[in-house]
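Reviewing the structure listed below.
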Amino acid sequence: MKSTYSVAELYEKKPIGEFVTLSGWVRTFRSNRFISLNDGSTVSNFQCVLDYEKFDDTLLKKINTGTCLTLKGKIAESPGKGQPIEMLVESVEILGESDPEKYPLQPKKHSLEFLREIAHLRPRTSTFGAVFRVRHHLAYAIHDFFNRNGFFYIHSPIITASDAEGAGELFNVSTLDKKNIPLTEGGEVDFSKDFFGKEANLTVSGQLEAELLAMGLGKVYTFGPTFRAENSNTTRHLAEFWMIEPEMAFYQLSDNMELAEEFLKYIISYALEKASEDLRFLDQRLADEEKSKPTDQRSMPLLEKLHFVLENPFARITYTDAIDILLNSSYHRKKKFQFPVEWGIDLQSEHERYLVEKHFKTPVIITDYPAAIKAFYMRLNEDEKTVRAMDILVPGIGEIVGGSQREERYDVLLQKIKQFGISEHSLWWYLDTRKFGTCPHSGFGLGFERLVQFVTGMSNIRDVIPFPRTPGNCEF
RNA sequence: UCCUCCUUAGCUCAGUUGGUUAGAGCACCUGACUGUUAAUCAGGGGGUCCCAGGUUCAAGCCCUGGAGGGGGAGCCA
């Protein structure tokens, strides 16, 4: 018979009368009698009761917030109101002491900004425990969804020599001696002397490589780290983040949209099922936070929002229709938009927010953007002005998915590459797939941390990844 | 990178028109109490007022520069 349990297992099995072993970290120690213990298996703490007259004072003094303990004792029904069962402690082993004068976490509410500075300890708080457990379930759900639907998980390279999308600043990967950098005759850095014999960077996207695999394996996806050296200081950007990029042969844009919607709904319903206790906690946390805001600025309660997304179809409109809606809006007539609206502009945050939060009040898929504001690889429409792009916008976060049908026609793609000023030579392998057995295909990218933000209701992206990397911040 | 707000005890924050020894709640320490739920009650310790310079008889408060953080924007996922 097993006698070592996690807190989650104790609450599930309620082994009343059984002598068990339990390990965890002390949240509070009340009345010299009640230890509130958490082991990370669930957001709930477990009450362990000890008779202080039976234990040494020097031992009791070591039971403080943060102390790590192994307790042995019998499980009994709890006469108190806060919990169904509790442990009547018979032995206490101190695994790790915690000096209460110096331990920064207290049994009280801390600001997220303060906890960010002690990111090595914040996994011991209720909020971050819940966030990281939900993050796990979401990651697992993503693999589960693709596996059930016939996708193959592929590993695209982390180090690449191509700035695939031509977008954003790159992190350089080099083993050159920084104090003695070899130069060419023209005074440029001589990357032929570098480790790879050419300039190399951390990947900004696995998409181009995923396309190569899709045109052999059919349906594939990547799920890996991505790096952008942008000087972005916002609540929704990281220098290192995780991205999911499915890529499907023989998928048109409409198939792509259907997949993306089904995918998001599957993941959310999986999280609601597997992490219901954590999501209830996060729902309450958000509600408490929203109390300090004026009524008209409050967002929808977390659980209500998630159910709403599950139960309603995403709105689908073209970019051209979106511009019309914006032009006909009362916001536009009253000149509430800071940026002008006209066909051809890149939609600003305020425009996206109006469409999602005011007009449709549901996630929105916008398609067929002007070719000039989208990447070179997106398939050109018959009007030769727009491309088969799709962005999914959600309330609070904005863009969570960006995807497209890919340009499969060799001549059109080559012309676009030249137009965008990209060296065709560096993409010879990408062009080859259009030369040999090309086919219509589509895919999209989902920012994992933005998904975690959406599901947990955390407003800053730095609070949904254990150790965030942002400009000027690489601690831990 | 731009705009804006902030920086006072371990944490969250107050500090009036520039004026004596800089305050509160929580945390911590000591004691009392002991079936509590962020326990309660009494007492105590704890400060480079972000840094540097300036104005003034006098600066936490005013001025200049810098650093760090929050929110918004851009770039994007």
Side-chain angles (χ1 to χ4, degrees), chain A residues 27-37 44-53 60-61 64-66 76 78-83 86 88 98-118 125-126 165-169 203-207 224-245 292-293 297 338-339 346-353 373-375 391-394 397-403 444-454 459-465 470-473 475:
Chain A
R27 287 291 174 81
T28 61
F29 184 32
R30 291 183 295 269
S31 302
N32 226 12
R33 186 191 291 277
F34 303 99
I35 299 172
S36 190
L37 203 73
S44 304
N45 301 326
F46 199 83
Q47 174 155 289
C48 303
V49 187
L50 51 81
D51 186 346
Y52 52 85
E53 287 176 347
L60 295 175
K61 285 275 178 216
N64 299 303
T65 301
S78 177
K81 284 188 180 140
Q83 56 287 316
E86 63 189 22
L88 305 174
S98 176
D99 183 344
E101 294 250 39
K102 293 178 183 152
Y103 188 59
L105 292 172
Q106 300 161 17
K108 63 170 250 184
K109 190 172 165 59
H110 286 292
S111 68
L112 294 172
E113 291 81 13
F114 172 65
L115 293 172
R116 226 170 274 153
E117 290 168 15
I118 51 166
T125 64
S126 299
E165 300 194 51
E169 294 293 311
T203 184
V204 294
S205 164
Q207 181 201 313
T226 311
F227 308 88
R228 306 265 168 101
E230 304 281 341
N231 190 8
S232 294
N233 294 289
T234 79
T235 54
R236 51 190 193 286
H237 287 89
L238 291 166
E240 175 184 286
F241 64 100
W242 289 68
M243 190 150 65
I244 296 102
E245 294 177 291
S292 60
K293 290 186 188 170
Q297 282 176 28
Q338 195 190 332
F339 292 89
D346 214 346
L347 296 177
Q348 302 290 321
S349 288
E350 58 174 356
H351 304 141
E352 296 181 347
R353 198 168 300 141
I373 59 170
K374 287 292 184 181
D391 284 359
I392 302 184
L393 312 177
V394 296
I397 314 284
E399 185 180 340
I400 197 168
V401 164
F444 62 83
L446 170 84
F448 185 53
E449 281 75 17
R450 289 192 184 171
L451 175 72
V452 181
Q453 274 188 281
F454 183 71
S459 56
N460 195 316
I461 200 166
R462 299 167 193 204
D463 297 329
V464 298
I465 188 167
T470 53
N473 188 346
E475 195 65 58

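Here is how names work: the chains are called A, B, and so on, in the same order as the sequence lines, proteins then strands, and each is numbered from 1.
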Please give the distance between the [atom1] atoms of [N] and [M] as a whole number of Å.
N: B/A27; M: B/A22; atom1: P; value: 25 Å
N: B/A32; M: B/G71; atom1: P; value: 47 Å
N: B/C13; M: B/G74; atom1: P; value: 28 Å
N: B/C63; M: B/G18; atom1: P; value: 11 Å
N: B/U17; M: B/A58; atom1: C1'; value: 15 Å
N: B/U48; M: B/G43; atom1: C1'; value: 29 Å
N: B/C2; M: B/G47; atom1: P; value: 38 Å
N: B/A9; M: B/C61; atom1: P; value: 15 Å

Gap between atoms [atom1] and [atom2], on [X] and [N] respectively (whole Å):
X: A/Glu53; N: B/G35; atom1: CD; atom2: P; result: 11 Å
X: A/Leu347; N: B/A73; atom1: CG; atom2: P; result: 14 Å
X: A/Gln453; N: B/C76; atom1: CD; atom2: P; result: 18 Å
X: A/Leu105; N: B/U12; atom1: CG; atom2: C1'; result: 15 Å
X: A/Phe34; N: B/A38; atom1: CZ; atom2: P; result: 13 Å
X: A/Lys108; N: B/U37; atom1: NZ; atom2: C1'; result: 18 Å
X: A/Tyr52; N: B/U36; atom1: OH; atom2: P; result: 12 Å
X: A/Arg27; N: B/A27; atom1: CZ; atom2: P; result: 17 Å

Report yes if at least one side-chain N or O of [X] is closer than 4.0 Å to OP1 or OP2 of [N]; otherwise report no.
X: A/Thr235; N: B/G72; result: yes
X: A/Gln348; N: B/G74; result: yes
X: A/Arg462; N: B/G71; result: no
X: A/Arg30; N: B/A39; result: yes
X: A/Arg116; N: B/G68; result: no

### Message
Between A/Thr226 (side chain only) and A/Trp242 (backbone N and O only), is there a donor and an acceptor less than 3.5 Å apart?
### Response
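Absent.
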Is any side-chain N or O of [X] under 3.5 Å from a base N or O of [N], one able to act as donor and the other as acceptor?
X: A/Asn233; N: B/U1; answer: yes
X: A/His110; N: B/C11; answer: no
X: A/Gln106; N: B/G10; answer: yes
X: A/Ser232; N: B/C76; answer: no

#### Entry: Within-4.5 Å side-chain heavy-atom neighbours: A/Arg462 and A/Thr470
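When only atoms from C-beta onward are counted, A/Thr470 and A/Arg462 do touch, with a gap below 4.5 Å.
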Can you tell which of [options] lies closest to the side chain of [X]?
X: A/Arg33; options: B/C11, B/G74, B/U34; value: B/U34
X: A/Ser31; options: B/A39, B/C76, B/C11; value: B/A39
X: A/Asn32; options: B/U34, B/C11, B/A73; value: B/U34
X: A/Glu101; options: B/G69, B/C75, B/C28; value: B/C28
X: A/Glu230; options: B/U36, B/C76, B/C75; value: B/C75
X: A/Lys61; options: B/G69, B/U30, B/G35; value: B/U30
X: A/Phe114; options: B/C75, B/A73, B/C11; value: B/C11
X: A/Phe339; options: B/A73, B/G35, B/G69; value: B/A73

### Message
Heavy-atom nearest nucleotide on RNA chain B for A/Gly80 versus A/Phe448: which residue maps closer to 5'?
### Response
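Per heavy-atom nearest nucleotide, the more 5' residue is A/Gly80.
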### Task
Return the 5'-most residue of the pair A/Pro104, A/Lys81 with respect to RNA chain B, ranking by each residue's nearest nucleotide.
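Its nearest nucleotide lies further toward 5', so the answer is A/Pro104.
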Nearest atoms (heavy-atom pairs only) where [X] meets [Y]:
X: A/Glu245; Y: A/Gly206; value: OE1-N, 2.8 Å
X: A/Thr65; Y: A/Leu105; value: CG2-O, 3.7 Å
X: A/Phe339; Y: A/Glu350; value: N-OE2, 2.7 Å
X: A/Phe29; Y: A/Leu60; value: CE2-O, 3.9 Å
X: A/Gly398; Y: A/Glu352; value: CA-OE1, 4.5 Å
X: A/Thr235; Y: A/Ser459; value: CB-O, 3.5 Å

### Task
Carefully, step by step, assess A/Arg30 and A/Thr28 under the rule side-chain hydrogen bond (donor to acceptor under 3.5 Å, both in side chains).
CA-CA 6 Å; A/Arg30 291 183 295 269; A/Thr28 61; 3.1 Å; yes
### Query
Just checking A/Ser349: base, sugar-phosphate only, or nothing, at a heavy-atom cut-off of under 4.0 Å?
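The residue A/Ser349 makes sugar-phosphate contact but no base contact.
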### Query
With a non-hydrogen cut-off below 4.0 angstrom, is A/Leu238 in contact with a base, only sugar-phosphate, or nothing?
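Counting heavy atoms under 4.0 Å across all strands, the contact made by A/Leu238 includes a base.
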### Query
Can you list the steps and then say if A/Tyr103 with A/Asn64 is a side chain to side chain contact (heavy atoms under 4.5 Å, CB included)?
CA-CA 9 Å; A/Tyr103 188 59; A/Asn64 299 303; over 6 Å; no
### Task
Could you run through RNA chain B and flag its stems, i.e. three or more consecutive Watson-Crick or G-U pairs with both distances under 3.5 Å?
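Counting only runs of 3 or more consecutive pairs, the stems involving RNA chain B are B:1-7 with B:67-73, B:10-13 with B:23-26, B:28-32 with B:40-44, B:50-54 with B:62-66.
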